[in-house]
Protein chains: 4
Amino acid sequence: MSCPFKPRWERRKDARPQELLDAALDHFVARGFAATRLDDVAKSAGVSKGTLYLYFSSKEELFKAVVRESIVPLLGEAESLIEQYEGNSEELFRLVMTTWWENVGASKLSGLPKLMTAEAGNFPELAKFYQEEVVDRGEKLVATMLKRGIARGEIREMDLELAPRILVAPMIMMMLWKHSNGVCFVEPEKLGGYLDFYIDMALRSVLIDKPIN
Amino acid sequence: MSCPFKPRWERRKDARPQELLDAALDHFVARGFAATRLDDVAKSAGVSKGTLYLYFSSKEELFKAVVRESIVPLLGEAESLIEQYEGNSEELFRLVMTTWWENVGASKLSGLPKLMTAEAGNFPELAKFYQEEVVDRGEKLVATMLKRGIARGEIREMDLELAPRILVAPMIMMMLWKHSNGVCFVEPEKLGGYLDFYIDMALRSVLIDKPIN
Amino acid sequence: MSCPFKPRWERRKDARPQELLDAALDHFVARGFAATRLDDVAKSAGVSKGTLYLYFSSKEELFKAVVRESIVPLLGEAESLIEQYEGNSEELFRLVMTTWWENVGASKLSGLPKLMTAEAGNFPELAKFYQEEVVDRGEKLVATMLKRGIARGEIREMDLELAPRILVAPMIMMMLWKHSNGVCFVEPEKLGGYLDFYIDMALRSVLIDKPIN
Amino acid sequence: MSCPFKPRWERRKDARPQELLDAALDHFVARGFAATRLDDVAKSAGVSKGTLYLYFSSKEELFKAVVRESIVPLLGEAESLIEQYEGNSEELFRLVMTTWWENVGASKLSGLPKLMTAEAGNFPELAKFYQEEVVDRGEKLVATMLKRGIARGEIREMDLELAPRILVAPMIMMMLWKHSNGVCFVEPEKLGGYLDFYIDMALRSVLIDKPIN
DNA sequence: TATGAATGAGTGTTCATTCAT
DNA sequence: GATGAATGAACACTCATTCAT
């Protein structure tokens, strides 16, 4: 709280290797919590299984750390971007979503939604954390963007509680596709097309003057 | 004999499989494949663990059966509905999505997308099956609806490969929300609001003449 | 005891189907007691698994019955044959062993030694029964033969406690070979050669005047 | 530390496999493959059940290892003994068989024939391995001994394909007796008598000049 | 008498967790 | 700190046994 750089969850070691979390994220995203073997995580990280326990007291703690550490960098940039932006709503929405996709969707962080979708029921506290730190914050961010557009007369009036989640849904789905091998498979090179199309559709549903594209 | 509580052995073989699949779907959706214990599934279905093996040769086969049996009846209705419909595109879209939500989204079948999202990586063949029998078929259905609207001059020209998936994404997300306890939690009574809002947004993004609503 | 035709173990049903015992013997011989599934035995006999329990109260009882019923016809003939025989020892030995092989070695009863070898440790009472009814009786039979030969001056003096078992060993081994697929495999058509050779060897070791052959 | 009772974790990895194989051999010989519980094997070896899986990937692999590791040291000595021997055939045969009995028959390795007899049908590949590495090699060894005796004019001409197996049969049977509790039971102290008697009988059947004994 | 669906104890196997080194 | 052998609870799966029909 008073320490601005220390997240609320306790670090056991300051030098807690990021490699472990990286390796763990890969496996958790690919196979889910239960099906992930710590043996495999350890092997991927190039350490022994016992070493994992030097940094995380259990598989569950490792999982929580993976999620929490992954979440940190997610939303900060976008929030400040919106606050400072001076252009019109269409450009802002395009910029935010494109940046989001480049920074998150294209990185391994895109696995988080899949992870939380699959495991929320098994990790209620973690789900709550995710809900607050990502979902709520993300929706507030979009609501801010919409409110700004309405104030500028670029975006029509609408229910600002419902709109963000519906508006963002396709973006989330695109991240799920990336990690649902075979289901809703989209060739990586086509994802860009989906992104543009999605932005276009979203703008058409909120802008007063439809974009030309 | 006259006892109102049927003794265990009196259950009919014909009724069993569906009871088992129902119980299994509940557990698989709630906990995922690996974390689901067959003991629990059996208990939920009111049978012993051994009985499961009379009907499904392994946990994996049970899982596959759950997915396959759940989706078969899903899409037929919608397909014939579209074929026969004579009204305009807005009404058709509203009808299809509302019906879909009532039949699928509001039932336990809504758990399937979560299941496949979480487990696709662990069951490649099943993922392929799901992709072909559900995803592809569902998208074709939406594409047909759009094509029909374009022909009738009600819907604008658009990329019919990209549009269905983007258009449908919020509907899928709504189903995921239902089963991601805590994450994106939506109070059940609010889901109706989301549904209407979603339909409105979707229509705005495709109709030539915006709906009034 | 007082009933000359009723063996000492109790029959549960007079009409106890021989088919069940036959099928069971096949499986027990082929796979051993523990690895034999009653499902398979039932299927081989063309009945349901439940039917087995109409005739045998447990797998163990079935096994015992198989062994006991199989043993019955084993030794009676040979005993009376020896008693009545009037020729010389060489001819008698040849006759007894050849007959034995034709009646037992060539039939499915040849599986008994394998069965008892494998399961004696798990069925002590059955082992005792087999020991008394087959082994001891068989050795006494051979001892009688030898004693007769010694009295007739055809066979050398020897330890009549040790000799029978050693003398008969190769015959037992030949029965084991038949049922030890792959181990000590002997082509069926060669077994006859082994039989003749064995008889010749045995006679050489006991006759005072070596046979010519 | 200075505690005379070694704590569990201090056992060396190198020593483990052989301890496990020893314990497993005991149980497999006593009860057969199917009836042997890995729990019991582990307990006999003083480890937990899971430890077995550090060394053998399955019960079947453990069984195979037991057989394979047991036979390696079996035949080498006898082969070189025969090659170098300079005395007459009677002495050689006595020496080989006596040594064999001391080294194999009197050790727990004597359980192998029983094991293979009982389980050959369930492990075809293992049976083949045993046949080639033990049975064939053993018979070749005896054939060599006989050929040598024939060349020296001490042993009569005979079919060298049939003779070894028949000649050796009683020795094998003696090993089976040891492990067929109750069937053909021979008091341990009498086995020596059987051995001498067997050697005498065997020699009488092959030597040109009968031994005096 | 015969059936076969149902049971549940038993066992092979996995894997998170521990701990002496 | 790091290791990896060892543990044992947990769980998938089997199969002898039961019993209403």
Side-chain angles (χ1 to χ4, degrees), chain A residues 13 15 17 33-43 46-62, chain B residues 1 6-16 34-42 45-62, chain C residues 13 15 17 33-43 46-62, chain D residues 1 6-16 34-42 45-62:
Chain A
K13 297 263 184 311
F33 176 79
T36 291
R37 279 164 299 176
L38 291 191
D39 258 327
D40 292 343
V41 173
K43 191 181 298 177
V47 302
S48 75
K49 193 165 43 165
T51 300
L52 281 175
Y53 283 83
L54 294 176
Y55 296 94
F56 308 97
S57 62
S58 71
K59 188 186 186 184
E60 204 164 320
E61 287 305 317
L62 172 61
Chain B
M1 322 305 182
K6 289 256 179 185
R8 62 180 187 224
W9 43 263
E10 212 171 341
R11 308 289 196 90
R12 285 285 145 265
K13 181 168 188 179
D14 339 350
R16 271 288 151 70
T36 291
R37 278 165 299 175
L38 291 191
D39 258 328
D40 291 343
V41 172
V47 301
S48 74
K49 189 167 45 168
T51 299
L52 280 175
Y53 284 85
L54 293 178
Y55 299 93
F56 307 98
S57 61
S58 71
K59 189 185 186 183
E60 199 162 323
E61 286 306 316
L62 173 61
Chain C
K13 296 262 185 311
F33 176 78
T36 291
R37 279 165 298 176
L38 291 191
D39 258 327
D40 292 343
V41 173
K43 191 181 297 177
V47 301
S48 76
K49 194 165 42 165
T51 299
L52 281 175
Y53 283 83
L54 294 176
Y55 297 94
F56 308 97
S57 61
S58 71
K59 188 186 187 184
E60 205 164 319
E61 287 305 317
L62 172 61
Chain D
M1 323 301 182
K6 289 257 181 185
R8 61 176 189 229
W9 42 263
E10 212 170 342
R11 308 289 196 91
R12 285 287 144 263
K13 181 167 187 180
D14 340 351
R16 270 288 151 70
T36 291
R37 278 166 300 176
L38 291 190
D39 258 327
D40 291 344
V41 173
V47 302
S48 74
K49 191 165 45 166
T51 299
L52 280 174
Y53 283 84
L54 293 177
Y55 300 92
F56 307 98
S57 61
S58 70
K59 189 184 187 183
E60 200 163 322
E61 286 306 317
L62 173 61

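Predicted model only: the values in this text are computed from it and were never measured. Chain letters run A, B, ... following the sequence lines, proteins first, then strands; residues in each count from 1.
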Exercise. Where is the tightest heavy-atom contact between C:Tyr53 and C:Ser58, given as atom of each residue plus distance?
Worked result: CE2-CA, 4.0 Å
Exercise. When the distance from NZ of A:Lys59 to P of F:dA9 is rounded to whole Å, what number comes out?
Worked result: 19 Å
Problem set entry | Gap between atoms NZ and P, on C:Lys43 and F:dC15 respectively (whole Å) | 12 Å
For this session: Return no unless some side-chain N or O of D:Tyr55 is found under 4.0 Å from OP1 or OP2 of F:dA6.
Result: yes
For this session: List the atom of C:Ala35, the atom of D:Ala34, and the distance in Å for their closest heavy-atom pair.
Result: N-CB, 3.9 Å
Problem set entry | Nearest atoms (heavy-atom pairs only) where C:Lys59 meets C:Leu38 | CG-CD2, 3.9 Å
Seminar exercise, completed: Among the nucleotides E:dT18, F:dT17, F:dC13, whichever has the atom closest to the side chain of A:Tyr53 is E:dT18
Exercise. Does E:dT21 pair with anything, Watson-Crick or G-U wobble, both distances under 3.5 Å, and if so, with which nucleotide?
Worked result: F:dA2
For this session: Provide, to the nearest angstrom, the distance between the CG atom belonging to B:Asp40 and the P atom belonging to F:dA12.
Result: 9 Å
For this session: Only counting residues at least two apart or in another chain, list the ones meeting salt bridge (charged side-chain N to carboxylate O under 4.0 Å, His left out) with D:Lys49.
Result: D:Asp39
Seminar exercise, completed: A:Phe33 CZ to E:dA16 P, in whole Å, measures 8 Å
Exercise. Can you check the D:Arg37 CZ to E:dA9 P distance for me, whole Å?
Worked result: 16 Å
Exercise. Of the nucleotides F:dT7, F:dT17, E:dA6, which one has an atom closest to the side chain of D:Val47?
Worked result: F:dT7
Seminar exercise, completed: When D:Ala35 and C:Thr51 are each assigned the nearest nucleotide of DNA chain E, the 5'-most assignment goes to C:Thr51
Exercise. Which comes earlier along DNA chain F counting from the 5' end, the contact point of C:Ala34 or that of A:Gly50, where each point is its nearest nucleotide?
Worked result: A:Gly50
For this session: Please state how far atom CG in A:Leu54 lies from atom C1' in E:dT18, giving the value in whole angstrom units.
Result: 12 Å
Exercise. Atom CG of C:Asp39 to atom C1' of F:dA16: distance rounded to whole Å?
Worked result: 9 Å
Exercise. In chain order, what residues pass the ring-ring contact (aromatic ring centres under 6.0 Å, His included) check against C:Phe33, with sequence neighbours excluded?
Worked result: C:Phe28, C:Phe63, C:Phe123
Seminar exercise, completed: Whole-Å distance, D:Glu60 CD to E:dT11 P, equals 18 Å
For this session: Can you check whether any acceptor in the base of F:dT3 is under 3.5 Å from a donor in the side chain of A:Lys49, or vice versa?
Result: no
